[in-house]
Participant: 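Sharing a structure with you now.
Remember, predicted model here, so these are calculated numbers, not experimental data. Note that these values count all heavy atoms, side chains included, but never hydrogens, waters or copies made by symmetry. In this chain, numbering begins with 1 at the start of the sequence shown.
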Amino acid sequence: MSLTILKSTYRLRSLCRLQRIQGHMMSSQAAPEVLLEKVGSAGVITLNRPKALNALNLPMIRHIYPQLKKWEKDDQTDIVIIKGAGGKAFCAGGDIRAVTEAGKVGDSLAQDFFREEYIMNNTIGTYKKPYIALIDGITMGGGVGLSVHGRFRVATEKTLFAMPETAIGLFPDVGGGYFLPRLQGKLGLFLALTGFRLKGRDVQRAGVASHFVESQKIPALEKELVDMKSPSAEDVSRVLDSYQNQSSLDAGKPFVLEQHMEDIDRLFSSSSVEDILQNLKADGSSFAKKQSETLSKMSPMSLKITYKQLQDGASLSLQDVLVMEYRLSQACMRGCDFYEGVRAVLIDKDQSPKWSPSSLEGVSQQSVDECFSSLGEKDLRL
């Protein structure tokens with residue numbers, strides 16, 4: 001069979017899969033994927049794809065974004081609350097499989113999803129009214145973008161936070177280049193490169209969440225918030241502080257990375273990913289060895305892109321970071337590792353991606369820099 005026929009067959013299969021995914025998106029009228037309600041003086045957004053762990057897709061974005069803009073201008077809406085349905089997840093990430101299939105066949109979803117998601121992230125980051133994300137469950141990737149840039153982020157003992165993108169040939173997007181380098185020391189770089197998971201109270205201790213409230217108290221907290229009359233940000237903060245003070249669960253446990261923070265700052269304070277790996281291997285501790293093993297499984301290209309993303313993002317505004325990240329998203333769509341990572345981790349689940357290049361040494365600085373290049377007329381506009 002000729003290479004041309006093989007490529008055509010591959011594109012046709014991807015196109016059919018994409019059409020099935022998009023058809024499923026359109027046929028879910030029985031259960032809306034996002035619930036938008038006005039409760040008292042609060043606008044309440046409920047992510048309603050519990051079977052998919054509330055993974056964010058383009059139709060959801062297209063419901064949430066205009067409603068956020070509408071509530072921001074509405075005199076009768078004082079605050080916005082966002083939460084996830086189902087009890088397991090706030091939002092486990094973006095609908096990566098649909099984006100992958102789109103990218104393979106050149107479908108516009110591969111541009112539209114990232115562009116519209118990042119515009120929504122910026123709206124949340126610049127929102128003029130108190131925005132409260134109840135991150136009661138799994139919160140990764142796109143779910144982080146829906147929460148972390150808002151004024152208030154409420155974690156519970158069920159919260160599981162991670163930015164695991166380097167394992168699938170991507171990078172910690174949705175403004176990761178803005179909030180991660182602003183965490184204490186080198187913690188953000190550590191989380192970005194390794195995809196390390198934070199749970200419960202540790203999500204607040206790391207600075208990702210603003211408050212910690214026990215999960216069983218969330219319904220009462222939400223009721224108190226929606227019943228408030230013309231609340232200011234300070235009023236909301238006082239209510240959240242009050243519920244946090246009533247939540248003693250795990251208060252006595254130290255931060256999971258407390259004994260490693262000095263090591264993280266020392267080992268990850270290097271001028272390149274290669275130097276970080278060299279530091280980890282030379283250190284010899286069990287912690288360093290584990291991180292070295294973790295990094296060796298990640299996409300070399302993703303690691304280098306992510307390092308530069310956070311290095312540059314440390315001195316950029318959220319808007320400039322999102323413009324940069326849109327360029328990176330499209331570079332990943334043009335590359336190989338994203339498709340291979342999704343195949344290995346999410347589709348075939350063999351956990352054995354074949355990265356290209358296969359080593360850090362094989363990733364040239366020129367190829368990294370090209371990922372950050374302007375897209376001209378196709379750049380993200382905010």
Participant: Is the closest side-chain heavy-atom distance between Phe268 and Leu280 below 4.5 Å?
Facilitator: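 They are in side-chain contact.
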Participant: Which pairs count as side-chain hydrogen bond (donor to acceptor under 3.5 Å, both in side chains) when at least one residue sits in residues 136-155, sequence neighbours excluded?
Facilitator: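 Non-adjacent pairs meeting side-chain hydrogen bond (donor to acceptor under 3.5 Å, both in side chains): Asp136-Thr156, Asp136-Ser215.
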Participant: Please answer whether the main-chain N or O of Ala102 pairs with a side-chain N or O of Asp107 as donor and acceptor at a distance below 3.5 Å.
Facilitator: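 Not a single qualifying donor-acceptor pair exists.
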Participant: Kindly indicate, with the supporting measurements, whether the criterion side chain to side chain contact (heavy atoms under 4.5 Å, CB included) is fulfilled by Glu101 and Lys104.
Facilitator: CA-CA 5 Å; Glu101 298 301 339; Lys104 287 176 185 174; 3.8 Å; yes
Participant: Do Ser270 and Asp275 have side-chain N/O donor and acceptor atoms under 3.5 Å apart?
Facilitator: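 Judged by distance alone, the side chains do not pair up.
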Participant: Could you tell me whether Arg238 and Asp241 have a side-chain N and a carboxylate O separated by less than 4.0 Å?
Facilitator: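 Judged by the 4.0 Å cut-off on N to carboxylate O distance, Arg238 and Asp241 do not form a salt bridge.
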Participant: Is there a donor-acceptor pair under 3.5 Å between the side chain of Ser367 and the backbone N or O of Val363?
Facilitator: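 No; judged by distance alone, with no hydrogens or angles, the pair does not exist.
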Participant: Could you give the distance from SG (Cys91) to CG (Leu47), rounded to the nearest 0.5 Å?
Facilitator: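 If I round to the nearest 0.5 Å, the distance is 6.0 Å.
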Participant: Under 3.5 Å, side chain of Asp379 to main-chain N/O of Leu375, donor-acceptor pair present?
Facilitator: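 Pair found, side chain donor or acceptor close to backbone of Leu375.
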Participant: Salt bridge check: are Lys290 and Glu293 linked by an N-O gap of less than 4.0 Å?
Facilitator: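 Salt bridge flag = no for Glu293 with Lys290.
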Participant: For the pair Arg49 and Met60, evaluate side chain to side chain contact (heavy atoms under 4.5 Å, CB included) and give the outcome as yes or no after the intermediate values.
Facilitator: CA-CA 10 Å; Arg49 296 183 71 203; Met60 293 167 75; 3.3 Å; yes
Participant: Side chains of Lys38 and Asp74: closer than 4.5 Å at any heavy-atom pair?
Facilitator: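 Yes, close enough: below the 4.5 Å cut-off.
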Participant: How far does CG of Asp95 sit from CG of Leu58, to the nearest 0.5 angstrom?
Facilitator: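 Asp95 atom CG to Leu58 atom CG measures 10.0 Å (nearest 0.5 Å).
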Participant: For the side chain of Lys281 and the backbone of Ser292, is there at least one donor-acceptor N/O pair under 3.5 Å apart?
Facilitator: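 No, Lys281 side chain to Ser292 backbone: no donor-acceptor pair under 3.5 Å.
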Participant: With sequence neighbours excluded, tell me which residues meet ring pair (Phe, Tyr, Trp, His ring centres under 6.0 Å) with Tyr326.
Facilitator: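 Applying ring pair (Phe, Tyr, Trp, His ring centres under 6.0 Å) to Tyr326 gives none.
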Participant: I'd like to know whether CD of Gln76 has more than 12 heavy-atom contacts from other residues, nucleotides or ligands below 6.0 angstrom.
Facilitator: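 12 or below, so no.
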Participant: Nearest heavy-atom pair of Met301 and Asp337: which atoms, and what distance?
Facilitator: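 Residues Met301 and Asp337, closest heavy atoms: CB-OD2, 4.0 Å.
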Participant: Can you hop from Met298 to Leu360 via hydrophobic side chains spaced under 4.5 Å?
Facilitator: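 Looking at the clustering, Leu360 is in the same group as Met298.
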Participant: Report yes or no: does Tyr339 contribute a side-chain atom to a donor-acceptor pair with the main-chain N or O of Met333 at less than 3.5 Å?
Facilitator: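 Checked: pair present.
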Participant: Mind listing the closest non-hydrogen atom pair of Val154 and Leu221 along with its distance?
Facilitator: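 In this case the closest contact between Val154 and Leu221 is CG1-CD2, 4.3 Å.
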Participant: Any side-chain donor-acceptor pair under 3.5 Å between Gln366 and Glu370?
Facilitator: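 Gln366 vs Glu370: donor-acceptor pair found between side chains.
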Participant: Please, which pairs that meet side-chain hydrogen bond (donor to acceptor under 3.5 Å, both in side chains) have at least one residue in residues 60-73, sequence neighbours excluded?
Facilitator: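 Residue pairs with at least one partner in residues 60-73: Arg62-Glu116.
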Participant: Please evaluate residues Leu189 and Ile276 with respect to the criterion side chain to side chain contact (heavy atoms under 4.5 Å, CB included), reporting the C-alpha separation (whole Å), side-chain torsions for both, the decisive distance (0.1 Å), and the verdict.
Facilitator: CA-CA 11 Å; Leu189 182 61; Ile276 290 172; 4.0 Å; yes
Participant: So does Asn57 get a backbone contact from the side chain of Glu117, meaning a donor-acceptor N/O pair under 3.5 Å?
Facilitator: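 Flag not set: sc Glu117 to bb Asn57 has no pair under 3.5 Å.
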Participant: Which heavy atom of Val174 sits nearest a heavy atom of Gly142, and at what distance?
Facilitator: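 Smallest interatomic distance, heavy atoms only, reads CG1-CA, 4.2 Å.
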Participant: Under a 3.5 Å distance rule, please check whether Lys129 uses its side chain to pair with a backbone N or O of Tyr127 as donor and acceptor.
Facilitator: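 No.
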Participant: Do you know which two heavy atoms are closest between Ala155 and Ala209, and how far apart they sit?
Facilitator: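 Taking Ala155 first and Ala209 second, the nearest heavy atoms are CB-CB, 3.7 Å.
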Participant: What pair of heavy atoms forms the shortest contact from Tyr118 to Glu325, and how long is it?
Facilitator: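 Closest approach of Tyr118 to Glu325: CE1-C, 3.6 Å.
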Participant: Grouping I, L, V, M, F, W and Y whenever their side-chain heavy atoms are under 4.5 Å apart, do Trp355 and Ile96 come out in a common cluster?
Facilitator: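 Per the 4.5 Å side-chain linkage, Trp355 and Ile96 are not co-clustered.
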Participant: Is Ile138 reachable from Leu134 through a run of I, L, V, M, F, W or Y residues, each pair having side-chain heavy atoms under 4.5 Å apart?
Facilitator: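 Different clusters: Leu134 never reaches Ile138 through Ile, Leu, Val, Met, Phe, Trp or Tyr contacts under 4.5 Å.
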Participant: Any side-chain heavy atom of Ser232 sitting closer than 4.5 Å to one from Asp235?
Facilitator: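 When only atoms from C-beta onward are counted, Asp235 and Ser232 do touch, with a gap below 4.5 Å.
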Participant: Once rounded to the nearest 0.5 Å, what's the spacing between atom CZ of Phe212 and atom CD1 of Ile135?
Facilitator: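 Going from the CZ atom of Phe212 to the CD1 atom of Ile135 covers 11.0 Å.
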Participant: Any chance you could measure Lys297, atom NZ, to Leu303, atom CG, to the nearest 0.5 Å?
Facilitator: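 The distance works out to 13.0 Å.
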Participant: Start with the C-alpha distance between Ile81 and Ile45, add both sets of side-chain angles, then the distance that settles side chain to side chain contact (heavy atoms under 4.5 Å, CB included), and finish with yes or no.
Facilitator: CA-CA 6 Å; Ile81 297 170; Ile45 302 167; over 6 Å; no
Participant: Does a salt bridge link Asp263 with Arg266, judged by any charged N lying under 4.0 Å from a carboxylate O?
Facilitator: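 So Asp263 pairs with Arg266 through a salt bridge.
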Participant: Ignoring hydrogens and angles, tell me if any N or O in the side chain of Gln309 forms a donor-acceptor pair with the backbone of Pro172 under 3.5 Å.
Facilitator: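 Side chain of Gln309 to backbone of Pro172, a donor-acceptor pair under 3.5 Å: yes, one is there.
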Participant: More than 12 heavy atoms of other residues, nucleotides or ligands under 6.0 Å from CZ of Arg343: is that the case?
Facilitator: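 For Arg343, atom CZ is crowded (more than 12 foreign heavy atoms under 6.0 Å).
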Participant: With a 4.5 Å cut-off on side-chain heavy atoms, are Ser356 and Glu340 touching?
Facilitator: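 No - every pair of side-chain heavy atoms lies 4.5 Å or more apart.
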Participant: Do Leu277 and Glu274 come within less than 4.5 Å of each other through their side chains, counting heavy atoms only?
Facilitator: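 A side-chain contact under 4.5 Å is absent here.
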Participant: Atom NZ of Lys83 and atom CG of Asn48: how far apart are they, to the nearest 0.5 Å?
Facilitator: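 Rounded to the nearest 0.5 Å, the NZ-CG separation comes out at 10.5 Å.
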Participant: Would you say NZ of Lys217 has more than 12 non-hydrogen atoms from neighbouring residues, nucleotides or ligands within 6.0 angstrom?
Facilitator: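 Above 12, so yes.
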Participant: Enumerate donor-acceptor pairs with a distance under 3.5 Å from any side-chain N or O in residues 161-171 to protein atoms, sequence neighbours excluded.
Facilitator:
| residue | atom | partner | partner atom | Å |
| --- | --- | --- | --- | --- |
| Thr166 | OG1 | Leu193 | O | 3.0 |

Participant: Name every donor-acceptor pair, under 3.5 Å, that has one atom in a side chain of residues 177-188 and the other anywhere in the protein, sequence neighbours excluded.
Facilitator:
| residue | atom | partner | partner atom | Å |
| --- | --- | --- | --- | --- |
| Arg182 | NH1 | Tyr178 | O | 2.7 |
| Arg182 | NH1 | Gly313 | O | 3.0 |
| Arg182 | NH2 | Ala314 | O | 3.1 |
| Arg182 | NH2 | Leu316 | O | 2.9 |
| Gln184 | NE2 | Arg205 | O | 3.4 |

Participant: I'd like to know if the side chain of Gln319 reaches the main chain of Leu382, judged simply by a donor and an acceptor atom lying under 3.5 Å from each other, with no hydrogens or angles considered.
Facilitator: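 Not confirmed, Gln319 side chain does not pair with Leu382 backbone.
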Participant: Are the side chains of Val368 and Tyr307 in contact, using a 4.5 Å heavy-atom criterion?
Facilitator: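 They are not in contact (no side-chain heavy atoms under 4.5 Å apart), so the answer is no.
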Participant: Could you list all the side-chain hydrogen bond (donor to acceptor under 3.5 Å, both in side chains) pairs where at least one residue sits in residues 243-260, not counting sequence neighbours?
Facilitator: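 side-chain hydrogen bond (donor to acceptor under 3.5 Å, both in side chains) check on residues 243-260 returns Gln204-Gln244, Glu224-Tyr243, Ser242-Gln246.
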Participant: Which pair of heavy atoms, one from Pro231 and one from Ser41, lies closest together, and at what distance?
Facilitator: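 Residues Pro231 and Ser41, closest heavy atoms: CD-OG, 4.2 Å.
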Participant: Are Ile64 and Leu318 connected into the same hydrophobic cluster when the rule is that any two of I, L, V, M, F, W, Y join if their side-chain heavy atoms are below 4.5 Å apart?
Facilitator: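 Yes, Leu318 and Ile64 fall within the same hydrophobic cluster.
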Participant: Same cluster for Leu328 and Val99 if Ile/Leu/Val/Met/Phe/Trp/Tyr side chains link at under 4.5 Å?
Facilitator: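 Yes; tracing contacts between hydrophobic side chains, which count when under 4.5 Å, links both residues.
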Participant: Could you tell me whether Lys229 and Asp78 have a side-chain N and a carboxylate O separated by less than 4.0 Å?
Facilitator: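 Salt bridge absent between Lys229 and Asp78.
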Participant: Is any side-chain heavy atom of Asn54 less than 4.5 Å from a side-chain heavy atom of Phe90?
Facilitator: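 No, every pair of side-chain atoms sits at 4.5 Å or beyond.
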Participant: Within the 4.5 Å heavy-atom criterion, are Ser374 and Arg327 side-chain neighbours or not?
Facilitator: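 Ser374 reaches Arg327 side chain to side chain.
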Participant: Kindly say whether Asp350 contributes a backbone atom to a donor-acceptor pair with the side chain of Ser352 at under 3.5 angstrom?
Facilitator: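 Yes.
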Participant: To the closest 0.5 Å, what do you measure between CD (Glu222) and CG (Leu225)?
Facilitator: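 One gets 7.5 Å once the value is rounded to the nearest 0.5 Å.
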